[in-house]
Amino acid sequence: MTDTPAHEDAVSRPAAQDWGDWRKQMARRITTLEQLRAWIDVTPEEEEAILRCKGRYRWSITQHYASLMDPHDPRCPIRLQAVPGLAELTPGPTATVDPVGDRVYRKTNRVIHKYPDRVVFLVTAVCPVYCRHCTRKFHTTDQQGTYFEEKEARSFEPDFAYIAAHPEIRDVLLTGGDPLVYPDEKIAFILENLRAIPHVEVIRIGSRFPVLMPDRITPELCRILEAHHPVWLNTHFNHPKEITPASAAACDRLLRHGVPVQNQSVLLKGVNDDIDTMRALVHGLLKIRVRPYYLYHCDDVVGVSHFMTSLEEGRAIMEQLTGFTTGFAVPQYVYTTDLGKIPASREVLHRDALGDVWVENYQGQKRNLGPVLR
Ligand SMILES: *Cc1c(COP(=O)(O)O)cnc(C)c1O
Ligand code: SF4
């Protein structure tokens, strides 16, 4: 540690035009303390966390995401999501590695089948940035952990065969890790194999690349996705700072190729757990034509639980959005369990003991609608 801010004498902080194509950007991710000092004043706490996470939790940060970090403020919402923190190493007493039971529902190396008509397909365990709050932290970030029973490199044939053998599966959600870490040819291979199964109607990709490394969303990739429609993409913006011209352009490329882009954010303490931030996020998303889909209550995951808010805090934010802004700016607030995702917003319509239906609107006005249909 020195008294001079480390970033001032740093050697390598290239400008965006020198980052290279997405493959180079993957290779040039920030993975050492020394590299990180080129971007931010690393605090003693961050330094200790990085040293103590060694051998336990991976970390890596793309140049694009690092460029969004406030070099002087350790409470910057981008830093909190990307730079290891000491709290990761002291999990809450009730935290587990897989509270939602993904591993229980795993049917093949890659297929998680929890809902009858749709599956999660774990393409990989690799991500461009290892988000500190990842709900699959055990799979992606934990150096000892993985949901894969066999090696990631294993053939995809058994996974395709499982889906082909289950005609009730009409929706396949490619995720990981981040499926778009793979080269275009591999993505085309996966999409072709899924499209060869007649009952697969919808393919979804869960990817944070539009936020973390927008240059990955190349015209070539978009053409591959377009050739296998309907393909939807769900991304993961958590804070309005993440909505940049580059991320907007990446979403625009997807949209122009007919890929609807939706957003799944996680309610994170210190990052986006206040109404002003959340309102700016959802309004910013509408401006780039990305529809807020889910707001996840943060799961009680080992190494993540320090990001949890209370359910009441989440509901209070939802109540300040619902009715006060555009209907489709409001995500569905959900709590994930081993039984699936459970809507977590406050109950605003109920039947009383006499059989009458009561509603309460966004301003708290109540009305008895009578027996409605019974
Ligand atoms: C979230 C999830 C899905 C998809 O759920 P939707 O509500 O359709 O977005 C499917 N399978 C598993 C295991 C999931 O966690
Ligand atoms: S990109 Fe998604 S899967 Fe990867 S670490 Fe972040 S939250 Fe987890």
Side-chain angles (χ1 to χ4, degrees), residues 26 29 57-62 64-65 78 80-84 88 97-107 110-143 145-147 163 166 168-181 201-213 216 232-239 242 260 262-268 271 291-299 301 303-304 307 331-344:
M26 282 300 281
R29 284 177 298 166
Y57 289 133
R58 294 181 182 90
W59 69 280
S60 81
I61 306 174
T62 59
H64 172 80
Y65 207 54
I78 310 299
L80 289 177
Q81 291 181 72
V83 179
E88 290 175 46
V97 296
D98 180 25
V100 306
D102 277 345
R103 286 191 299 169
V104 179
Y105 291 96
R106 221 206 34 240
K107 305 296 174 179
R110 294 187 180 77
V111 175
I112 299 173
H113 197 179
K114 187 192 265 192
Y115 296 95
D117 71 335
R118 54 206 191 277
V119 292
V120 163
F121 194 112
L122 297 175
V123 174
T124 176
V126 178
C127 291
V129 170
Y130 291 102
C131 311
R132 308 326 297 168
H133 57 274
C134 182
T135 198
R136 295 206 185 98
K137 194 168 184 122
F138 181 74
H139 179 60
T140 54
T141 315
D142 192 327
Q143 286 178 252
T146 174
Y147 285 5
I163 295 169
H166 289 263
E168 69 274 21
I169 298 172
R170 38 162 290 284
D171 176 358
V172 176
L173 202 174
L174 301 174
T175 180
D178 199 311
L180 301 187
V181 297
E201 296 170 3
V202 175
I203 299 173
R204 298 194 240 181
I205 298 176
S207 173
R208 210 178 182 199
F209 268 99
V211 180
L212 304 173
M213 191 193 290
R216 171 68 186 100
W232 294 59
L233 188 136
N234 286 349
T235 190
H236 179 171
F237 288 90
N238 279 333
H239 192 279
E242 295 168 344
Q262 307 192 99
N263 190 59
Q264 309 190 159
S265 41
V266 189
L267 183 60
L268 300 171
V271 173
R291 190 202 194 287
Y293 175 45
Y294 278 142
L295 172 63
Y296 289 110
H297 187 77
C298 182
D299 296 323
V301 169
V304 174
F307 282 115
Q332 189 174 178
Y333 179 39
V334 289
Y335 192 103
T336 308
T337 72
D338 61 344
L339 301 175
K341 296 176 180 71
I342 312 295

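Order of listing sets the numbers, starting from 1, for every ligand and every atom in it.
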Verdict with reasoning, H113 to Y105, per ring pair (Phe, Tyr, Trp, His ring centres under 6.0 Å): CA-CA 5 Å; H113 197 179; Y105 291 96; 9.0 Å; no
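Given atom 8 (Fe) of ligand 2, the protein heavy atom at minimum distance is C134 SG, 2.3 Å. Ranking the protein heavy atoms by distance from atom 4 (Fe) of ligand 2 puts C127 SG, 2.2 Å first. Distance from atom 14 (C) of ligand 1 to its nearest protein heavy atom, with residue and atom name: K341 NZ, 3.1 Å. V120 CG2, 3.4 Å is the protein heavy atom nearest to atom 12 (C) of ligand 1. Nearest protein heavy-atom contact of atom 9 (O) of ligand 1 is Y293 OH, 2.6 Å. Counting protein heavy atoms only, atom 10 (C) of ligand 1 is closest to Y115 CD1, 3.5 Å. Ranking the protein heavy atoms by distance from atom 6 (Fe) of ligand 2 puts C131 SG, 2.3 Å first. For atom 7 (O) of ligand 1, the nearest protein heavy atom (residue, atom name, distance) is Y294 OH, 2.5 Å.
For R204, the heavy-atom gap to ligand 1 drops under 4.0 angstrom. In this structure, T135 does not count as a contact residue of ligand 2, since none of its heavy atoms falls inside 4.0 Å of the ligand.
Neither the backbone nor the side chain of D171 comes within 4.0 Å of ligand 1, counting heavy atoms alone. Only the backbone of V129 comes within contact range of ligand 2, with a heavy atom under 4.0 Å; no side-chain atom does. Of all the heavy atoms of H236, the ones lying under 4.0 Å from any atom of ligand 2 belong exclusively to the side chain.
Within 6.0 Å of atom CH2 in W232, 12 or fewer heavy atoms from other residues, nucleotides or ligands are found, so the atom counts as exposed in its surroundings. Residue-environment remark: OH (Y294) exceeds the threshold of 12 foreign heavy atoms within 6.0 Å.
No donor-acceptor contact under 3.5 angstrom links the side chains of T235 and N263, judged on distance only. Side-chain contact annotation: Y296 with Q264, donor-acceptor N/O pair under 3.5 Å present.
Salt bridge E242/R208: present, at least one basic N to carboxylate O contact under 4.0 Å.
Aromatic ring orientation, F138 versus Y147: tilted (interplanar angle from 30° to 60°).
Of all atoms in ligand 2, numbered sequentially from 1 with element shown, those under 4.0 Å from a heavy atom of R208 are 1 (S).
Of the residues listed (L173, L174, V172), the one engaging V119 in a side chain to side chain contact (heavy atoms under 4.5 Å, CB included) is V172, and it is the only one.
Checking only distances, Q264 never comes within under 3.5 Å of ligand 1, N or O to N or O.
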